[in-house]
Every structure is written in C-alpha cells, then in structure tokens.
Amino acid sequence: MSENYRPVLSIDPSRLPKHFDAPEAEVRWDAEWDRQGIYRYDPSRPRAETFVVDTPPPTVSGSLHVGHVFSYTHTDVLVRYRRMRGDNIFYPMGWDDNGLPTERRVQNYFHVRCDPREPYVPDLVLEPANAKARKRPPRMVSRANFIELCHQVTLEDEKSFMELWRRNGLSVDWSLEYATIDERCRRTAQYSFRDLFEKGHVYNEDAPTTWDVDFQTAVAQAEMEDRERPGAYHHIEFGVQGGDESFVIATTRPELLPACVGVTAHPDDERYRGLFGREALTPLFRTPVPIFPSEVADPEKGTGVLMVCTFGDATDVAWWREQGLALRQIVTREGRLAAVEFGGEDFPSLDPEAANAAYEQLSGKNINQARNAVVELLRDPAGSATGGGAPLVGDPETIQHSVKFYEKGDRPLEFVSTRQWFVRLLDQKEQLLAKGEQIEWHPAFMHARYRDWTEGLSLDWCISRQRYFGVPIPVWYPLDGQGAPDYAHPIVAEREQMPVDPLIDTPPGYDEAARDQPGGFCAESDIFDTWFTSSLTPQIGSGWGVDDERHGRLFPADIRPQSHEIIRTWAFYTIAKALLHEDTVPWHHVVISGWVLDPDRKKMSKSQGNVLTPLPLIEKYTADGARYWSASARLGTDTAADEKVFKVGKRLATKLFNAGKFVLSQEAEVRPVEAELDRAFVAKLAALVERATASFDDYNHAQALTDTETFFWTHFTDAYIELVKTRARSQDEAQRGSAVAALRLGLDVLVRLLAPFLPYITEEVWSWAFAEEKGQPSVHRAPWPDASDFAGIGAPDDPGSFELAADCWGSINKCKADAEVSMGREVATLTILACPSDASRLPAVLGDVLDAARCAEHRLESREGLDSGVFAIEGAEFVAREESVKRSD
RNA sequence: AGGCACGUAGCUCAGUGGCUAGAGCGCCGCCUUGACACGGCGGAGGUCGGCGGUUCAAUCCCGCCCGUGCCUACCA
C-alpha cells in the first residue's frame with residue numbers, strides 16, 4: 001500500500017461466527033442498549049426537537065398474541081426513524097391493568113369472588129386454583145384482599161409483556177414505565193374528575209342505565225356491541241278501559257308485560273287514533289296504562305301499536321322520560337324478576353288477586369325462565385283483559401334480530417335504574433368533531449370511524465363501575481339526620497389529598513367517626529370506568545397537574561398509535577378529555593394499525609382457537625424476522641400472520657450478516673469513489689435514500705422497507721457486490737480503493753436504512769467497524785442517511801451504466817444457465833452483441849462485467865435491431881472445469 | 001339499511017392513466033461452495049372480481065353489480 005493513504009478499518013471474517021446467532025444477540029444487544037441508555041428521553045432539550053409518543057398501554061391480563069408485536073412494531077419503526085433523524089424521543093410504556101379483564105382473570109386464577117362484606121385477612125397467600133379446587137364453590141375474599149390479588153397477578157403479567165417488548169426490540173424508555181392503577185395514574189384520574197366537576201362536565205343521576213346482569217355493573221355506550229340472536233314476536237291482546245275495544249301489540253319481550261307502563265302508536269295511524277288519551281288494560285295483570293301517540297312509532301312494524309315497559313330498550317327510556325310514565329322496575333341487578341305486589345300504588349291492578357297469582361309464577365325467575373312462564377300464562381283465556389279468549393294471539397313468530405350486549409358479557413344488557421356518574425358529552429359533539437378535524441389520521445380514511453361514532457353518540461359517558469379493582473371515584477356524600485345520602489351535594493376530594501380511597505380516607509371537614517352515621521358522611525364505593533384513566537395517557541406521560549413546565553413540553557403528543565377497533569373508546573375518550581380539560585387536541589397524528597388475521601385470513605379470536613402467540617414465532621424466525629413481518633404491512637391494513645413473511649425477514653437478516661462480513665473484510669486504502677460503476681451505484685443509492693426518507697415522512701414505513709430491501713437484495717448483493725468483487729482485490733490501488741469505498745458506503749447506508757426495521761442485525765453489523773470508524777457506538781443513534789453521505793462523489797458519466805453492466809452480466813449468466821454450467825465457470829472467450837448505443841456505452845463498465853463473468857477474452861459487436869439493455873451472447877467457450885479449478889489455485 | 005376499505009400469479013402482498021403488470025414464498029430445471037446452500041442462476045404461472053362508461057389509451061378514473069371484512073344505525 002502506498003504511504004499516503006491509510007487503510008480502511010477492515011475486519012477478519014474468520015473471527016466472526018459462520019452463522020448469526022440471533023437469540024444470543026437479541027439478549028446481548030438488549031442489555032447493551034439499556035447500559036448505553038440510548039432510548040433515554042432528555043428533558044433538557046426543547047419541544048421542537050422532541051418527538052412524543054402516546055403509547056397504547058396494553059391490557060396486561062389479556063393473552064399475548066401476535067397482534068401485540070404487530071402494532072407496537074409499527075410504532076417502534078417510526079420512533080427509530082425519528083431518533084435517527086435526531087429527535088429527542090419520549091417513548092414511555094404503560095400497562096392497563098385495572099378493570100374487568102383483570103378481575104375476571106383473578107377470579108379464575110385463584111377461584112375466588114369478591115364480597116365486600118367479608119373481613120380483611122392480613123397476609124393472605126393463595127395458590128393458583130387447581131382442577132379440584134375449581135369444583136368447589138369459589139372462596140369469598142374481602143375487597144382489600146381481592147385488590148391485593150389483582151395487584152399480584154398484574155405484576156406477573158406486566159413482567160411477561162415487558163419481556164416480550166424487550167425481545168421484540170421496542171426502543172421504549174423503560175424509566176418512563178407506568179401502570180394505570182399505580183399511584184401516579186390514580187392521582188391523574190382523580191385530578192381529571194375534580195377538574196371536570198369544577199367545570200360542570202360531570203353529574204350523578206339515578207336513571208335507567210345499561211347494565212350487565214352477570215358482572216353487575218353499568219356499561220357505557222362504547223363498550224356495547226350488537227349480536228344477532230334468535231327472538232320471537234309475541235302478539236298479545238290488550239283491552240281498553242271503559243269500552244269493549246281491544247288491540248294486539250307485538251313484542252319480543254313478553255316477560256316485561258308486568259312492567260308495562262304505557263301503549264303507543266303513530267299519531268296518523270287510523271287503526272289506533274281513537275285510542276289516544278284513553279287507558280289500555282294489560283292482560284294477566286289488569287294494569288291500566290295510558291295510550292299516547294308518538295312519531296317514533298312505526299306503523300309498518302309489528303302491529304303498529306306497542307307496549308312501553310320499564311325498560312325494554314332505549315326507546316322505552318325515552319318515552320318514559322317524555323311522557324312522565326310510571327316506573328315499574330321488575331328486573332333486578334342480578335337479572336331476575338323482583339318480588340312485587342300488585343294492587344298497590346306502584347303496581348296498580350283492577351284485579352290484584354289474579355295479577356299476584358300470575359306474577360307468582362314469574363317472581364324470582366331469570367329473564368328466559370320468566371319469558372317462558374309468561375307465554376304459558378298468556379295461552380290461558382283466563383288471563384284475557386277483554387274476555388275474548390287467550391291473550392296470546394297465534395304462535396310466537398320467530399325472528400333473527402340484533403341485541404345489545406356488553407362486549408365482554410354473555411347475556412343481553414338490561415336497563416336498570418341505578419345511580420351513576422356521567423361525563424356530559426352530548427352537548428360537546430360539535431367540538432369533538434372539530435378536534436377530530438384538527439388531527440391527522442393515518443390512513444386518512446380512519447377519520448371516518450371517529451366521525452361516525454361521534455355523530456352517532458346517543459348517551460353521555462357513564463364513568464362509574466360497580467367493581468373493585470380500579471381507580472376510586474374520589475367522592476363522599478353527606479348524610480342527613482335520617483342517614484340518607486345527599487347525592488346532589490357530593491364532597492369531592494381536594495387535589496392535595498389525591499389519590500384517595502373514599503372507603504378508607506376521610507373527607508375534608510369530617511372525622512372518621514362520622515362515617516356512615518346520620519349527619520356524617522358515606523363513601524362512594526364505585527370505581528371509574530377503566531377508560532376514564534386510559535383516556536389520560538398523554539397527560540399521565542406529560543405530568544399534567546404535577547409538573548406544568550414538563551406538561552407544556554410534552555403535551556399535546558406527536559403521535560397516538562392504536563388499532564382501529566378502539567377508535568370509539570380510547571381515541572374518542574382521549575380526545576374528549578383533552579377537549580374538556582384544556583380545549584386542545586391530545587396529539588397531532590393518529591397512526592392506526594390493522595388487525596392481524598390468521599394464516600387463512602380469518603380474524604384471530606380466542607373462541608376460534610386460532611390465536612398465535614408471539615414468542616415461538618420470534619424464536620423460530622428471530623426478532624428481526626418478526627419485525628420484518630410487522631413492518632411489511634401498511635398502516636390500517638389487516639394482515640395475515642403468514643409465516644412465509646417471517647421467513648423472508650429472517651433471510652434478509654442473514655443476508656445482511658453475510659454481505660456485511662464480505663464488505664468489511666475487504667482490505668484497501670481509503671480512496672475516493674471514482675470508477676464509473678461505483679459512481680453509478682452511489683447515484684442509485686442516493687436516490688433510494690431520498691425515496692425511503694419521503695416514505696417515512698409520509699407515514700409509509702412499509703414502502704420504505706420494500707424499496708430498501710429490494711435495493712439491498714437486487715442492486716447491492718446480487719449485482720454490485722458481484723460486479724466489483726474482483727476489483728475490490730485488484731492490484732490497482734485507486735481502482736481497488738474506489739470499489740471498497742463504494743462497497744462500504746453502500747453497506748453503511750443500507751444498514752442505517754434498515755436499522756428501524758431490523759435493530760439487532762443492523763447493530764451487529766454496525767458494531768464490526770462502523771461504530772468505531774464513525775464514533776457512534778449504536779447504529780440507532782447514528783444519523784439517518786442523507787445527501788451529506790454522498791458529498792464529494794461525482795455523478796456517473798452515464799446515468800444508465802449500472803443497469804447496463806447488470807443487464808450485460810445477466811445475459812452472460814443466462815448463457816451459462818442455458819449451458820448448465822455454474823455461474824463461477826471461467827469463460828475463455830465470448831462475443832457480446834449489443835445495439836449500437838449500448839455497444840458504445842458498455843466499455844466504461846465492461847471490465848467489471850467481464851471480471852464478474854470470469855471471462856478472459858471477448859469481442860463486443862454492434863448489432864442493429866437489438867433493444868437497449870438486451871445483449872446476445874454468442875460463441876461462448878467455457879474453460880473445462882478441472883482446468884478452471886487448477887487455474888484458480 | 002348507510003358508510004369505509006379490500007378483491008392483481010397456487011399463497012402472502014406491491015404497483016402505475018400508456019413500454020411485454022411486479023416481488024417473495026411455493027413449483028420446475030440447473031449450479032456445489034473463497035460473504036452467504038439460511039445461497040446463486042434460469043423457467044413456468046395472471047381475461048389485474050364482473051358488466052358498462054370517460055379517454056387516443058383503463059388493472060388504475062366514474063357508475064352499477066357480485067364477493068369479503070369492518071364501522072355506524074335499526075332491532076315493538
């Protein structure tokens with residue numbers, strides 16, 4: 001080597017393993033990244049340089065499935081890109097641990113139930129229930145013990161999630177970890193309540209509320225779903241007071257007949273016009289109820305006239321309110337028919353004896369049993385309100401209709417009148433929609449989901465839950481002299497007290513001795529809907545109410561990644577909170593991942609048993625392979641968990657390992673990139689960098705991956721490396737230096753372009769030489785490639801010379817394939833025919849082509865009629881194999 | 001019922017108002033290795049869901065239809 005040039009920092013490939021040991025590297029790099037603190041948020045840098053992520057806190061009690069690594073990888077890829085662009089990343093991780101899923105898991109895991117009347121047992125230790133224990137009735141534990149068990153289980157679950165995230169290479173700043181039940185989140189949620197209370201956005205009300213009879217808790221509109229269920233129209237004859245007329249209503253809920261409080265039909269319906277203002281008489285119970293007209297009644301549906309009950313559905317609730325009808329709540333919180341007495345003021349009857357006899361058949365039964373029983377009673381002419389035979393007209397007519405369920409529930413929702421806390425949202429629709437407009441949705445069409453939901457909002461947000469493991473509502477109620485609570489004047493905890501548990505803590509101005517005493521106070525025992533806390537994740541991260549300066553620096557966030565099925569819950573509620581608290585958007589961009597489908601493109605669900613767990617896939621295909629699969633999906637696109645794609649990712653990582661080994665083991669002097677082919681390659685590489693960067697900025701990471709991968713495989717490893725392999729070992733130092741410099745630049749840039757997708761293998765390759773050479777220990781802190789990487793390298797004389805060389809070499813390869821000889825076979829001589837233009841351009845790169853083809857002698861002839869880029873190879877004479885082997889020794 | 005998205009090679013997916021529509025996997029044939037057989041070269045394989053329309057030109061734009069998924073609504 002000449003004395004003026006120092007050698008490049010090359011590696012000795014024999015010191016590297018033959019194959020990449022991914023599991024070992026994944027553990028090693030994860031620890032190393034932690035040690036270097038490369039994912040740490042730097043609070044000293046300004047907002048403009050900071051990229052704030054509002055990470056979805058996963059429900060830890062749910063099972064781990066590939067959907068988790070899928071969507072979180074999308075976020076991580078974007079975050080890693082922004083980090084390399086120089087942004088100060090704020091990327092926390094939280095766990096959504098409170099709420100029903102955890103309670104249910106704890107109930108199953110230990111085979112316990114919570115009964116608040118049970119005394120607290122200190123230091124209670126329970127073993128996971130075995131099959132035998134499950135056959136016995138569940139053990140009853142106190143509320144405090146139950147909550148302790150919930151904490152115990154969530155801690156374990158959080159650990160397994162964290163291990164998965166780390167293994168998957170999420171570049172989370174683990175010092176920012178939170179859990180939605182921890183003290184900080186409880187405080188933030190209670191601050192939120194107090195702020196909404198002060199602003200007049202929350203209220204409590206005793207009103208009919210959608211209720212799950214199994215979980216025995218109120219359910220919000222966002223947590224309901226429709227399910228198709230078989231049902232039946234029952235035609236039932238009603239009488240009319242003071243006349244011998246009758247009419248027939250149709251209902252799918254005959255068991256609610258004892259709760260009938262009115263009858264209605266459309267005002268223009270000729271059949272029933274004469275009845276308005278009079279009273280109907282129910283069969284069986286002989287209860288007189290008002291008949292009133294309503295525009296909402298559809299003359300086409302059923303018989304056009306219907307009974308109003310408390311409560312069959314939301315329309316019943318509306319009629320009940322508008323008409324000021326009586327309240328006859330017969331369905332209990334347990335989903336059974338309550339014991340009621342006909343003949344009194346609440347349940348009037350013209351024939352109390354018969355009514356009570358009939359109701360006796362229903363009392364205490366569940367909904368289905370009561371329905372069957374009432375139908376039997378209606379078949380008996382004795383129950384008729386008119387004396388005109390059996391009240392049930394004809395046979396029930398079976399239909400298929402959709403019924404509202406709690407999304408986690410097993411029985412239809414009932415409307416039960418209970419006292420609940422609500423956030424007033426119906427008066428905020430316009431503002432909520434306006435905030436949705438200010439946010440950029442990726443992909444844009446997902447905005448429609450938010451708009452549809454917001455426009456269709458029909459109920460205020462019910463935020464109280466009659467459960468145990470959650471953030472307590474920070475409220476007490478004063479008790480009057482008789483010990484009755486004054487719900488109109490709740491005592492809300494002071495901010496300084498928070499977080500409080502009203503069941504333990506005492507309200508300001510009261511002594512603990514006054515608890516549950518007349519003239520004293522009583523605690524609100526309900527907890528918040530888990531979304532009440534989850535909707536504050538941007539504020540939890542920013543320290544809202546705790547550190548205003550920091551909040552100003554981190555709120556609103558830059559991106560909110562999430563999946564599309566929780567737009568109506570998580571996204572919606574978070575927008576609502578930011579609106580009500582600070583009249584702002586919570587983040588500037590929403591990034592929506594699609595769903596993961598099973599390999600047959602069916603939705604994965606536990607009930608179908610087609611859920612794939614991620615760790616075995618990561619172990620089989622490496623973390624980089626799993627990330628490749630995730631990242632190959634565009635935002636918002638539902639994607640099949642296709643193992644073929646994992647495999648491709650693993651192959652890409654392997655290829656990068658080998659290409660890196662080759663490129664970095666080339667020894668040469670540091671020389672400028674000058675050869676025509678090298679400059680042509682660099683020009684293509686620069687174009688790739690521009691495209692990939694534009695794709696990332698356009699929230700299209702999948703395009704960036706495809707382009708980079710294709711370039712890496714097609715142009716770099718299959719073409720460029722092969723074409724310059726010989727020259728990279730040439731005796732001509734300038735030629736050799738140019739080739740090696742371009743090879744190293746190619747590897748350097750491609751490793752950085754792939755780093756967001758394949759963090760492990762890129763870091764591995766980076767560590768061999770670039771880390772030292774560039775003074776940047778981690779590729780994940782290295783600058784994203786840009787024009788400065790190519791400064792000083794001239795444009796090629798002919799912009800097409802790279803393709804020309806690759807095409808010509810490809811033609812020779814095809815010639816070898818046709819002759820069934822190996823690509824490495826030496827060629828004694830051959831003739832290349834090219835169109836006149838190509839023939840004149842080819843010599844600039846022909847030396848590299850002939851080297852790659854191992855061709856000793858050649859002739860280049862111009863031939864009219866050939867297309868550009870098409871080369872005919874004639875008269876090829878291959879060196880005999882034995883001779884070829886001998887020569888190369 | 002309304003809305004959104006999707007329908008491209010056997011499979012999973014790219015793609016563009018215009019040259020012969022692409023990739024990977026799978027398949028077939030060949031190559032035995034000096035970065036990589038966890039590889040390379042070559043090949044077969046598509047009426048771009050259907051029918052109309054706009055256009056010199058449509059897989060791409062428009063309309064209708066069919067199919068799939070989701071969202072919203074209705075659900076006496």
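Every chain is numbered from 1, with letters handed out A, B, ... down the list of sequences.
- Residues K647(A) and T717(A) both approach RNA chain B. Their nearest nucleotides, taken by heavy-atom distance, put K647(A) toward the 5′ side.
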> Using Watson-Crick and G-U wobble pairs with both distances under 3.5 Å, what is the 5'-to-3' dot-bracket string of RNA chain B, with [ ] for crossing pairs and | for pairs outside the strand?
Replying inline: (((((((..((((....[...)))).(((((.......))))).....(((((..]....))))))))))))....
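- Under 4.0 angstrom from either OP1 or OP2 of G40(B) there lies at least one side-chain N or O belonging to K655(A).
- OP1 or OP2 of C36(B) lies within a sub-4.0 Å distance of a side-chain N or O belonging to K18(A).
- Between the side chain of E722(A) and the base of A35(B), a donor-acceptor pair under 3.5 Å is found.
- Counting only heavy atoms from C-beta on, W453(A) has its side chain closest to U72(B) among U12(B), U72(B), A14(B).
- In this structure, Y760(A) has its ring center at least 6.0 angstrom away from the ring center of F20(A).
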>> Under the criterion side chain to side chain contact (heavy atoms under 4.5 Å, CB included), I'd like the reasoning laid out for T762(A) against L656(A): C-alpha separation, chi angles, the key distance, then a yes or no.
In response: CA-CA 8 Å; T762(A) 52; L656(A) 189 56; 3.8 Å; yes
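- Of the residues in residues 295-302 of chain A, V296(A), A297(A), D298(A), K301(A) come within less than 4.0 Å of RNA chain B through at least one heavy atom, sorted by number.
- Not a single donor-acceptor contact under 3.5 angstrom links the side-chain atoms of K650(A) to the base of C38(B).
- The V648(A) side chain lies nearest to G24(B) when the options are C13(B), C75(B), G24(B).
- Heavy-atom distances to RNA chain B give each of Q666(A) and A640(A) a nearest nucleotide, and the one nearer the 5′ end belongs to A640(A).
- In summary, the aromatic rings of F696(A) and F757(A) are positioned with their centroids under 6.0 Å apart.
- Remark: the S822(A) side chain and the C31(B) base include no donor-acceptor N/O pair separated by less than 3.5 Å.
- For K814(A) against C41(B), no side-chain N or O and base N or O form a donor-acceptor pair under 3.5 Å.
- When ring centroids are compared, W629(A) and Y621(A) stay outside the 6.0 Å threshold.
- Distances from the side chain of D452(A) to the nucleotides A35(B), G15(B), C71(B) place C71(B) closest.
- Phosphate proximity of A14(B) to R634(A): present, with a side-chain N or O under 4.0 Å from OP1 or OP2.
- Of the candidates C70(B), G34(B), C41(B), the closest approach to any side-chain atom of R854(A) belongs to G34(B).
- Using a 4.0 Å heavy-atom cutoff across all strands shown, R729(A) reaches sugar-phosphate atoms only and no base atom.
- Side-chain atoms of S402(A) and base atoms of C74(B) include a donor and an acceptor less than 3.5 Å apart.
- One C1' atom belongs to A9(B), the other to C48(B), and the distance between them is 10 Å to the nearest Å.
- With hydrogens and angles ignored, a donor-acceptor pair closer than 3.5 Å exists between the side chain of D226(A) and the base of C74(B).
- Atom CZ in F871(A) sits about 18 Å away from atom C1' in G42(B), given to the nearest Å.
- For the pair R568(A) and C70(B), the criterion of a side-chain N or O lying under 4.0 Å from OP1 or OP2 is not met.
- The side chain of Q400(A) contributes no N or O atom lying less than 4.0 Å from OP1 or OP2 of C75(B).
- The aromatic ring of H564(A) does not stack onto the base of C71(B), failing the criterion of a centre distance under 5.5 Å from the six-membered base ring together with planes under 30° apart.
- Put simply, OH on Y621(A) is 11 Å from C1' on C25(B), counting in whole angstrom units.
- At A35(B), none of the side-chain N or O atoms of W768(A) fall inside 4.0 Å of OP1 or OP2 (strictly under the cut-off).
- Using a 4.0 Å heavy-atom cutoff across all strands shown, T714(A) reaches no nucleic acid atom at all.
- At the heavy-atom level, W629(A) lies nowhere under 4.0 Å from the strands shown.
- For A35(B), one of the phosphate oxygens OP1 or OP2 lies less than 4.0 angstrom from a side-chain nitrogen or oxygen of K725(A).
- Atom-to-atom, CD of E820(A) to P of C28(B) comes out at 16 Å; the value is rounded to the nearest Å.
- Using cut-offs of 30° and 60° on the angle between ring planes, the pair F572(A) and Y450(A) is tilted.
- In this model, the phosphate group of A73(B) is approached by a side-chain N or O of Q221(A) to a distance below 4.0 Å at OP1 or OP2.
- Put simply, R651(A) has no side-chain N or O that comes within less than 4.0 Å of OP1 or OP2 on G24(B).
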